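Have a look at the structure below before the remarks.
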Amino acid sequence: MLYRFGDIDKLYVEYVKRASPYTMEADHYHPYYEMYYMLSGQRIYFVGDRSYPVEQGDLVFIAPDELHQTMHAGEPEHDRLIMHFGPWYLSRFAPAEQELLLSPFRQASKVIRLPRQEHWQIDQLLRRLLAEIRDKPPGYELTPGLAVTELLLGVARYLQQHEPVPIYHDTPLHAKISEIVRHINAHFAEPITLAALSEQFYISPYYLSRKFKEITGFPFTDYILLTRVKEAQRLLRETDRNISDIAAEVGFDNFSHFGKTFKRIAKLSPRDYRKRT
DNA sequence: GCGATATGCATAAAAGGAGG
DNA sequence: CCTCCTTTTATGCATATCGC
């Protein structure tokens, strides 16, 4: 079952109910803000540098260009509401208001579990939004924008007054993988091999390879390449440095390899990518 | 002993690197 | 770009180790 509203690169709302196992296709990072609300079921979300168990009533906040992945946890049945918006959506607000509304994305924990009272209000709000995009009464096009603003404001106010309930690592191994991910995030421009990392973190390469995939949802090398290409894209957008410099800067010591990899991930050659933006 | 966690090996698959 | 050879990683299966 699926209802949707809006354009993927503008304000967009989608409701999906799934009964069969599902793994995320592409688009592990994107230029818009994304929020999930779990209406039922369980999933595991990897966002940024760690994975979170996500259950009914939880909210997930993913900032632009943050690497993320979703994985199944137990029963495959789940339904969720997905919302995204580009930075332009906020341009109607004053800078201080924008900061406030974005505060949920700036939290250390990307998953927020609200206590009973606050949760009830958010739940009502989002169920009304769902009914609007499903039934399409006159003027329903106005509601996604209102609901997103109200959701952000509600969560932002809550965060100003409370420390969010911490969501712990499932196991010490989760904590370790998270540590390894942070290490990669900080050192992606240097040569990284499974063998070297496994030695550094006292874990067998075979085991690391398996568990990295299991916990982050990304194969080890994919994660590194995604991180490098994402940074290369940023440099292409924000600087005018030449492409081979950028390739070397983000950790590719072979230019032709960079080209192939970039195209596979970005669906565009580096030159075309720069032209388009 | 049992289940969960961790490792090793063999081999398939994929990526990296160099040259045409 | 494409092709070919090398290196690295992914994974099924077997086995070891730990905590209880």
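Just so you know, these numbers use all the heavy atoms, side chains as well, and skip hydrogens, waters and symmetry mates. None of the values given here were measured: they were computed from a predicted structure. Below, read A as the first sequence line, B as the second, and so on, with proteins coming before strands; counting in each chain starts at 1.
The aromatic rings of A:H84 and A:Y32 lie parallel to each other, their planes meeting at an angle below 30°, with 60° marking the opposite boundary.
Residue pairs meeting the side-chain hydrogen bond (donor to acceptor under 3.5 Å, both in side chains) criterion with at least one member in residues 133-153 of chain A, sequence neighbours excluded: A:Y89-A:T149.
Look at NE2 on A:H174: it is 14 Å from C1' on B:dA4, rounded to the nearest Å. A straight line from CZ of A:F252 to P of B:dG17 spans 10 Å, rounded to a whole angstrom. One interatomic measurement links the two molecules: CZ of A:R228 to P of B:dA15, which rounds to 14 Å at whole-angstrom precision. The OH atom of A:Y223 sits 18 Å away from the P atom of B:dA15 (whole-angstrom rounding). In this structure, A:L225 places its CG atom 8 Å from C1' of B:dA15, rounding to the nearest Å.
The cationic atom of A:R210 (NZ for Lys, CZ for Arg) does not lie both less than 6.0 Å from the six-membered ring centre of A:Y206 and within 45° of the ring axis.
Between A:F61 and A:V155, some side-chain heavy-atom pair lies under the 4.5 Å cut-off. For the pair A:M83 and A:P144, the minimum side-chain heavy-atom distance is 4.5 Å or more.
Chain A approaches DNA chain C within less than 4.0 angstrom (heavy atoms of the protein), and the contacting nucleotides run 5' to 3' from C:dT9 to C:dC13.
Residues from residues 258-266 of chain A lying near DNA chain B, meaning a heavy-atom separation below 4.0 Å, are A:K260, A:T261 in numerical order. Of all the residues in residues 200-207 of chain A, A:I203, A:S204, A:Y206, A:Y207 reach under 4.0 Å from DNA chain B with at least one non-hydrogen atom.
Taking A:P53 as the reference, A:I167, A:D170 meet the side chain to side chain contact (heavy atoms under 4.5 Å, CB included) condition, with sequence neighbours excluded. Considering only residues two or more places apart in sequence or on other chains, A:Y223 meets the side chain to side chain donor-acceptor pair (under 3.5 Å) condition with A:N185.
A:E231 has a carboxylate O that lies under 4.0 Å from a charged side-chain N of A:R234, or vice versa, which qualifies the two as a salt bridge. A salt bridge links A:E214 to A:K211: one of the charged nitrogens lies within less than 4.0 Å of a carboxylate oxygen.
A:F46 pairs with exactly one of A:T70, A:V181, A:I177 by the side chain to side chain contact (heavy atoms under 4.5 Å, CB included) rule, that one being A:V181.
No hydrogens or angles considered: nothing links the side chains of A:H162 and A:E118 as a donor-acceptor pair under 3.5 Å.
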